[in-house]
Amino acid sequence: MPSPPRGFEVPLWRALTVFRLASLAYVCVLAVRDADRYAHPFAVGALLLLMIAWTGATTVAYARPAWRRWPLLLADLGVVIAIVLSTPWVVGREALGNGVPTLGVAWMAGPVLAWAVSGGRRRGTVAALLVAGADLATRERIGQSSFTGVILMLLAGVVVGHVARLAVAAEERLQRAVELEAATRERERLARGIHDSVLQVLALVQRRGADLPGEAGDLARLAGEQEAALRALISGTTPVGAGRLDDGDAVDLRALLSRYASTAVSLSAPASPVPLPRQVAGELAAATSAALDNVGRHAGGRAWVLIEDEGDSVTVSIRDEGPGIPDGRLAEAAAQGRLGVTLSIQGRVADLGGTVRIMSAPEAGTEIELVVPRARG
């Protein structure tokens, strides 16, 4: 399948059209000048008409991106090679020996440039070798001037193909820049909406409940933490105290998960440190936190967190003694827009190259197993 048309290639196809028209005009001038020296002048005239017609046809065809496929490229190359190979008969060996140029002259470079623009250096080189081989086959004696033409043909195919590939790469980089700008603008739009609604509500809960005792005060504190995290997320910055998210900075996973331990959450971890890149450890801790939040909302009672260091991977298991997850409940929640498990747990672990296993049975509790590789691919 051909690559989709790219805007940066359009000038190259237009330049190819100009080259073919200019080289055709040059061939016509030479044909008029050397008409009395040709072995078969009328055959030369017929071939000139064919060259004019084919130049017009390829000009129209290459102007349409959908037609720049192998059938047209092969037909273009075949027609040019056929005209070049007919040179010894229509021009005559004697005339060629006396210095009369071949009929194709510069015009035969047209398909070489078309192949180079459509497929890069390699394709341009292949076309150049085929056309140059046909040109050499028409000559009785091969001298330095013959090889000069071959080298020029190869250089044209390689250089134009290289420029075409650079144009494709520039187009891809521009597309990525446009997508990044669009994503940034969308983030800014969402940030404005979140600031006008969610952030203001969280700030209000924090202010009103900061001095209240008991669970109300804890709720206000959590609202303040979530407000700070959400502000950092929509602004693209790191929350204060979170540290740098540098993969080269290793942290102990036990220290991150120990803050979730409480009278309702039991944490079991190896005696030795469990080092992970800071970003991996942070995402794994956030997925664990989301799983514990689900336990608090839906299961109640106690929860157990187990950290296992398996060398090339780390496993965190979260188990509760709740009623379990009914069959189809996760899919139903995702369809309703509640994506806590899908995004906060499965999405985070998947981004780390890991896997999530959810084992649940009615009235037998739920166990969520998070497995992430120590070195991300």
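The model shown is predicted, which means the values in this text are computed figures rather than measured ones.
- F19 and L30 fall within the same hydrophobic cluster, where Ile, Leu, Val, Met, Phe, Trp and Tyr residues are linked whenever their side-chain heavy atoms come under 4.5 Å apart, directly or through other members.
- Looking only at distances, no side-chain donor or acceptor of D252 sits under 3.5 Å from a matching main-chain atom of P275.
- Although no hydrogens or angles enter the test, the distance criterion places a donor-acceptor pair under 3.5 Å between the side chain of R254 and the main chain of P270.
- Membership of the apolar cluster around L256 extends to V251, as traced through chained side-chain contacts below 4.5 Å between ILVMFWY residues.
- Side chain of R93 to backbone of T138: a donor-acceptor contact under 3.5 angstrom is found.
- Residue pairs meeting the side chain to side chain donor-acceptor pair (under 3.5 Å) criterion with at least one partner in residues 95-113, sequence neighbours excluded, are T55-W107.
- Here the shortest heavy-atom pairing between R165 and S118 reads NH2-O, 3.8 Å.
- Taking 4.5 Å as the limit, some side-chain heavy atom of L292 sits within range of a side-chain heavy atom of I318.
- Taken together through direct or relayed side-chain contacts under 4.5 Å among Ile, Leu, Val, Met, Phe, Trp and Tyr, V126 and V79 form part of one hydrophobic cluster.
- In summary, the side chains of R20 and T59 do not present any donor paired with an acceptor at a separation below 3.5 Å, with no hydrogens or angles considered.
- I307 and L257 make their closest contact through CD1-CD1, 3.4 Å (heavy atoms, listed as atom of the first residue, atom of the second, distance).
- The backbone N or O of V314 sits nowhere less than 3.5 Å from a side-chain atom of R374 that would complete a donor-acceptor pair.
- Among V316, V371, I368, V356, the single residue meeting the side-chain contact (heavy atoms from CB on, under 4.5 Å) criterion with V349 is V356.
- When the shell of 6.0 Å around CD of E179 is examined, it contains more than 12 heavy atoms from other residues, nucleotides or ligands.
- Looking at every heavy atom in both residues, A127 comes nearest to P111 through CB-O, 4.3 Å.
- Residues A116 and G157 approach most closely at CB-O, 3.4 Å, considering heavy atoms.
- Contact detail for M51 and V27: the closest heavy-atom pair is CE-CG1, 3.7 Å.
- Residues Q279 and P277 have side chains not in contact (no heavy-atom distance under 4.5 Å, counting atoms from C-beta outward).
- Counting all heavy atoms, side chain and backbone alike, L352 lies closest to V280 at CD1-O, 3.8 Å.
- Residues W13 and V117 are in side-chain contact: their nearest non-hydrogen atoms beyond the backbone lie under 4.5 Å apart.
- The aromatic rings of W70 and W115 sit perpendicular to each other, their planes meeting at more than 60°, with 30° as the lower class boundary.
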